[in-house]
Protein chains: 2
Amino acid sequence: MKPITIEDVARLSGVSRGTVSRVINGSQNVNSETRKRVLEVIEKLGYRPNQNARRTAGGRSSTIGIVIPMIGTEFYERLIKSMEEKLRAQWYAMMLFPVLKRDWLSKVMMHDIPNSEAAGMFLCSFDIEHLFSSFRKPFEGPTVLVDSYSPLYDSIYIDNELGGYLVGRKFSQLEGSTHVIMMQESIDSGFWPVFNSRFKGFQKALLESGKSLPQRNVHSYDFSWSAGALAARDIFDNDRPPFNIFAMSDLYAFGVMREAQLRGLRIGRDVKLVGYDDQSLARDWGITTVRQPIEQMGEKAVNMMLQRLERPGKEVESLCLKPEMVERESA
Amino acid sequence: MKPITIEDVARLSGVSRGTVSRVINGSQNVNSETRKRVLEVIEKLGYRPNQNARRTAGGRSSTIGIVIPMIGTEFYERLIKSMEEKLRAQWYAMMLFPVLKRDWLSKVMMHDIPNSEAAGMFLCSFDIEHLFSSFRKPFEGPTVLVDSYSPLYDSIYIDNELGGYLVGRKFSQLEGSTHVIMMQESIDSGFWPVFNSRFKGFQKALLESGKSLPQRNVHSYDFSWSAGALAARDIFDNDRPPFNIFAMSDLYAFGVMREAQLRGLRIGRDVKLVGYDDQSLARDWGITTVRQPIEQMGEKAVNMMLQRLERPGKEVESLCLKPEMVERESA
DNA sequence: CTGAAAGCGCTTACAG
DNA sequence: CTGAAAGCGCTTACAG
């Protein structure tokens, strides 16, 4: 009933605990005969080192934590997958801390993360400045910011302003009325404001070509498919074609598409539509969208972490990736 | 630079390490004056107990692990959210272990989970018998199976056969050709076979009313939206209306819907369509579907875990929840 | 290459 | 109510 300890292995192998420990930790200073014998006993007993004791005694953890604001979206699925791929190649284990409700943010930050004893931590899409002003710093070890930026940490993110700008440039050449569907973001939410950046770039491009966007053409909603349909309804009811709609997430774009179909409006003709993210649905539906190099971001994030783990004192680094527009039938 | 230890707190409070430990662990046997003083020092120093040492010394872990086969779907998002809700109410921390690639299953099982030192573990949608015959048992502590069943563990799941049966009964009254779109599931994949169960129930209902389903009307694909569209294309090309299609996931149903629209087929008339899961998209699109009590499953699963944590020796329990059909315009 | 020993930061009977 | 002490399972100089 009792768990098998290093002591048991030592006794049965006829060596000391120190030697067993060296075998476990892959030290070179072990006679290969001895190593073999110890390994056999470990196998026979089904011994597994107690990680807590190991870490307590000063050994290194080999799991990396990832904090993300949600699951259930293609963006994070792809991001996590690409990160895990590289992490596993380096023998790291991964654990995920999703913040599924806003109220739980403090619990994740003050309880889950400190308790995890991970070797390193990725914080994805969080606005670290606001976060760390409300919470005690949750993690002392190597930290890499993904999809957000701070001068105080290694960070990697995608240029959202550029993404919006690309769409804006395209839209400035189009006839008709221009509308934007985006998510309401509050400054102190603790999340990195991506929509606002996209909007900023978009508006910049419009201004450059002498156009402007009336406030009433900006539609702010929650983050859902239905919101896109709702916004579209509003637009179609109160303005006249041709419509140019920048749906700042493909999710919104799907809603717009659906609503347009119901009214017999032709996407790509009566309605020019551009989404954001290049989700698989956008590909299938022929939606013009902005592609973000998600996998690349994930891989480079892991690289940063590995380097930081190697040299904790090295200077902080940051990397900005570029999105690109993918032209399809919808615009 | 050095982390603050219980020793530091003890010294500054003028008590022994034992007393500090008692304060931390909420023991009643501490003078309230003493407690107050210790608490103040803890606060001032920003002391946080080292969880590894704590567990090494025999203290209880307060984090629960959840292993799931994927993220990025509404099903698991809802499931995890409902579980986390209850878990947090009991002061447990949660960590997630998604198995994003089939090849990683062994790493998660043999590395991540044993290393996690969680107090309990939920295994979601895994076929535990096949899993544990290929792997050494990954977790010794309290284990609860969610969305799958084994007589050896506490388990909670939803009756997929009944779900299929409900649809089958409906379809047996319909005119036209009947088709099924489902996912290919191999017996030894390690995942719980939900599609096969749904199919079994579906076929049973059909047989009861004297109908039968030709093998060529069963369309097996991977799990994606596009697969639904692909299957629909196949069906529309090689059979004639009216079509009755049981898409065994709403995801498939969306693909069918899209394909039907492209061809000018009217959903609900030329094409009777039933999905599975009652995702939010199904609601928005008026798709008849089978609703699974996901949140209920999550909550009850946590109840099981809490009870198991309380009384590790209690006898194994299992619970089967019932799905229901939600009738909308599509069928 | 290996053992004996000190140490990691905590918990928990035990004795008072 | 509290301290002194043994113990949790491991790691890692140190000495040989």
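Chain identifiers are assigned alphabetically (A, B, ...) following the order of the sequence lines, protein sequences preceding nucleic acid strands; residue numbering begins at 1 within each chain.
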Please name the nucleotide paired to C:dG3 by Watson-Crick or G-U wobble geometry with both distances under 3.5 Å, or report none. D:dC14
Scan B:Val20 against the nucleic acid and name what it touches under 4.0 Å (heavy atoms): base, sugar-phosphate only, or nothing. nothing
Check the distance between D:dC8's P and A:Glu7's CD and give it to me in whole angstrom. 10 Å
Touch check for A:Thr19, heavy atoms < 4.0 angstrom, all strands: base, sugar-phosphate only, or nothing? sugar-phosphate
The side chain of A:Val30 is closest to which nucleotide in this list: C:dT11, D:dG9, C:dT2? C:dT2
5'-most contact on DNA chain C (nearest-nucleotide basis), A:Arg17 vs A:Arg35, goes to A:Arg35
Nearest to side-chain heavy atoms of A:Arg22, which nucleotide of C:dG3, D:dT2, D:dT12: C:dG3
Looking only at atom P, what distance separates C:dC1 and C:dA5, rounded to whole Å? 23 Å
How about B:Leu12 and B:Lys44: do any of their side-chain heavy atoms sit closer than 4.5 Å? yes
Could you state the atom-to-atom distance from CG of A:Asn52 to C1' of C:dT11 in whole Å? 14 Å
Take atom P in C:dA13 and the same atom in C:dG9, then report the distance between them in whole Å. 23 Å
From the list C:dT2, D:dT2, C:dT11, which nucleotide is the closest neighbour of the side chain of B:Ile6? C:dT11
Take the protein atom CD of A:Glu33 and the nucleotide atom C1' of C:dT2, then report the distance between them rounded to whole Å. 15 Å
Options C:dC1, D:dC10, C:dT11, nucleotide nearest the side-chain atoms of A:Thr34: C:dC1
What is the distance, to the nearest angstrom, from the CG atom on B:Asn50 to the P atom on C:dC10? 6 Å
Looking at every strand, decide which applies to B:Ser21 at a 4.0 Å heavy-atom threshold: base, sugar-phosphate, or nothing. base
Need to verify one output field. Residue with the more 5' nearest nucleotide on DNA chain D, B:Gly14 or B:Ala57? B:Gly14
Tell me the interatomic distance from B:Ile24, atom CD1, to C:dG9, atom P, rounded to whole angstroms. 13 Å
Can you check the B:Arg11 CZ to C:dG9 P distance for me, whole Å? 12 Å
Need one value for A:Thr56: base, sugar-phosphate or nothing, where a base atom within 4.0 Å counts as base even if backbone is also close, heavy atoms only. base
With a 4.5 Å heavy-atom cut-off, do B:Pro69 and B:Tyr76 have their side chains touching? yes
When the distance from CZ of B:Arg37 to P of D:dT2 is rounded to whole Å, what number comes out? 8 Å
Where the side chain of B:Ala53 is concerned, which of C:dG3, D:dG9, C:dG9 is the nearest nucleotide? C:dG9
Between B:Asp154 and B:Val316 (side chain of the first, backbone of the second, donor and acceptor by atom type, cut-off under 3.5 Å), is there such a pair? no
Expressed as a whole number of angstroms, how long is the span from B:Asn29:CG to C:dC14:C1'? 13 Å
Can you check whether A:Phe126 reaches A:Val67 side chain to side chain, under 4.5 Å on heavy atoms? yes
Is a donor on one side and an acceptor on the other found under 3.5 Å between the side chain of A:Arg308 and the backbone of A:Lys314? yes
Check this one for me: any side-chain N or O of A:Thr5 less than 4.0 Å away from OP1 or OP2 of D:dG9? no
As an exercise, state the distance from OG1 of A:Thr73 to CD of B:Glu74, rounded to the nearest 0.5 Å. 12.0 Å
